[in-house]
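Everything on this sheet refers to the single structure shown next.
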Amino acid sequence: MPFIDLIICSLGFLSLSFVDSLSMLYAVIILGVVLGSSLGHTMPISVLIAKVFRERRSLAFGIFRMGPGISGPLVPAVGWMIASWGWRSTAVISALIIFAVGLPMAFFIYGIYRSEELEIARAGSVDAMVEAARQRTDDPQFTLGEALRHRVFWYFSSAMALRHMVTEGVSVHFVILLVDRGWSTEAASSLLGLSALIGAPARIGMGWLGDLPDKRKLMIGLLGALSFSVLLMGQTAQVLIFTPSMIVYSLSYGGLASLQESRFAPTTSAPRRLRRFRA
Amino acid sequence: MSWSVQTLGTFVGPILAGFLYDLTRSYAIAFGIFSIASLGAHALGKKTAIRFFLRQLKPR
């Protein structure tokens with residue numbers, strides 16, 4: 001999957017440099033850039049982290065989820081490239097960078113996948129592998145079918161769907177909300193950027209915290225904080241109330257983003273290597 | 001599978017907020033619904049946790 005993603009995404013950026021109509025722009029963005037990045041940048045890497053890291057899985061997810069936040073400072077560099085060389089050249093450079101950085105990573109991921117496959121082949125079948133994993137660890141081990149039959153799986157998935165509904169809804173409408181209340185577009189965009197920046201260390205911090213106490217309690221607390229902060233952000237435009245609410249929202253959002261996958265990983269893990277994460 | 005369910009939320013949130021904003025010219029109701037949705041997630045999270053606390057999940 002990472003190889004397919006890499007090729008589609010790189011070709012998407014490359015095709016972007018040849019765009020000469022609105023319909024072609026939509027096709028290239030959706031079928032190239034977005035499809036490519038969606039296929040390989042999130043799910044396969046999440047699965048990889050869940051399989052490889054055990055002792056400090058939350059921290060590993062926190063570091064992974066911090067990526068979008070810390071990539072923020074690269075935006076001015078891309079802006080500078082567009083201003084200096086034009087957007088078509090920048091699209092070509094982006095394609096080359098994505099391919100050059102992504103290829104060794106895809107090989108690395110493939111190597112881990114291969115070793116998993118070999119382990120399954122040695123065990124004889126996936127079921128035998130799960131049974132062996134059960135004997136090696138205290139974590140409950142489930143096949144996909146077993147996980148799907150548990151209500152907890154659906155409770156948790158629904159809870160996270162609601163969480164995504166809230167955070168995506170707020171993210172998309174954040175700038176419009178502030179502009180609607182009299183803020184300038186620049187100031188509103190800056191606050192959105194600040195929100196992402198606050199969220200970045202929260203992702204790694206909550207990931208670290210998630211490895212210490214029971215992360216279920218931490219998630220429940222963060223969901224409560226998310227609810228309260230979103231309510232205040234929607235009801236008031238006063239800076240003294242809105243800004244602290246926004247900070248609480250950013251911290252909750254960042255924390256939940258890094259905790260949700262690590263929370264779920266132990267219950268739905270396929271056969272995995274029990275390598276320890278030494279951070 | 002879990003991601004598929006969660007992806008539904010990413011679509012619904014922005015559309016719901018946009019629809020309610022167009023209807024009321026305010027984000028108060030949309031964010032109020034988001035707050036209730038977060039509480040719903042909080043409640044579901046608690047339910048999940050209680051099940052884990054009371055009886056450790058076993059494969060069926």
Side-chain angles (χ1 to χ4, degrees), chain A residues 42-43 46 130 134 140-173 176-177 180-181 214 216-217 219-235 252 256 260 263-264 267-268, chain B:
Chain A
T42 48
M43 202 58 207
S46 296
V130 172
R134 276 179 187 146
Q141 302 288 317
F142 297 89
T143 61
L144 177 63
E146 287 169 348
L148 289 176
R149 283 193 290 276
H150 269 291
R151 279 188 192 169
V152 167
F153 177 91
W154 296 105
Y155 286 157
F156 186 82
S157 298
S158 306
M160 287 304 107
L162 287 171
R163 197 281 284 175
H164 276 286
M165 184 182 114
V166 175
T167 51
E168 288 297 319
V170 172
S171 299
V172 169
H173 292 274
I176 314 165
L177 167 82
D180 196 47
R181 290 175 175 175
D214 192 316
R216 292 174 283 239
K217 289 178 184 170
M219 283 189 73
I220 290 167
L222 288 172
L223 283 167
L226 186 76
S227 170
F228 189 61
S229 60
V230 167
L231 183 69
L232 288 179
M233 283 163 70
Q235 300 302 319
S252 312
L256 285 164
Q260 75 169 62
R263 165 68 194 83
F264 213 31
T267 60
T268 57
Chain B
M1 181 58 80
S2 179
W3 269 105
S4 309
V5 178
Q6 292 171 35
T7 305
L8 277 179
T10 64
F11 283 112
V12 172
I15 293 170
L16 180 72
F19 174 76
L20 289 172
Y21 177 77
D22 288 344
L23 214 63
T24 62
R25 309 309 299 171
S26 162
Y27 278 111
I29 293 175
F31 276 56
I33 290 174
F34 285 161
S35 178
I36 293 167
S38 304
L39 277 181
H42 175 88
L44 280 169
K46 263 189 170 172
K47 209 166 179 177
T48 308
I50 288 166
R51 280 179 169 261
F52 263 91
F53 286 133
L54 293 183
R55 47 198 166 99
Q56 183 72 31
L57 276 185
K58 296 268 189 304
R60 289 179 176 173

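So you know, we letter chains A, B, ... as the sequences are listed, proteins then strands, and number each from 1.
Heavy-atom proximity under 4.5 angstrom to chain A picks out B/Arg25, B/Tyr27, B/Ala28 from residues 22-29 of chain B.
Of all non-hydrogen atoms in B/Pro14 and A/Val172, the two that sit nearest each other are CG-CG2, 3.8 Å. Heavy atoms only, all atoms of each residue included: A/Gly224 and B/His42 are closest at N-ND1, 3.6 Å. Taking each heavy atom of B/Ser35 and A/Val230 in turn, the nearest pair found is N-CG1, 4.0 Å.
Summarising the geometry, atom NE2 belonging to A/His173 is positioned 8.5 Å from atom CG belonging to B/Leu16; distances are rounded to the nearest 0.5 Å.
Listed by first then second residue, pairs satisfying salt bridge (Lys or Arg N to Asp or Glu O under 4.0 Å) with a partner in residues 30-42 of chain B number zero, not counting sequence neighbours.
Under a cut-off of 6.0 angstrom, the local environment of OH in B/Tyr21 is crowded, with over 12 non-hydrogen atoms contributed by other residues, nucleotides or ligands.
At a 4.5 Å heavy-atom cutoff, the contact between A/Ile176 and chain B is made by backbone and side-chain atoms alike. Interface residue B/Leu39: backbone and side-chain heavy atoms are both found under 4.5 Å from chain A.
Taking the side chain to side chain donor-acceptor pair (under 3.5 Å) definition, one finds that A/Thr167 meets it with A/Arg163, sequence neighbours left out. B/Ser38 meets the side chain to side chain contact (heavy atoms under 4.5 Å, CB included) test with A/Val166, A/Leu226, A/Ser227; sequence neighbours excluded.
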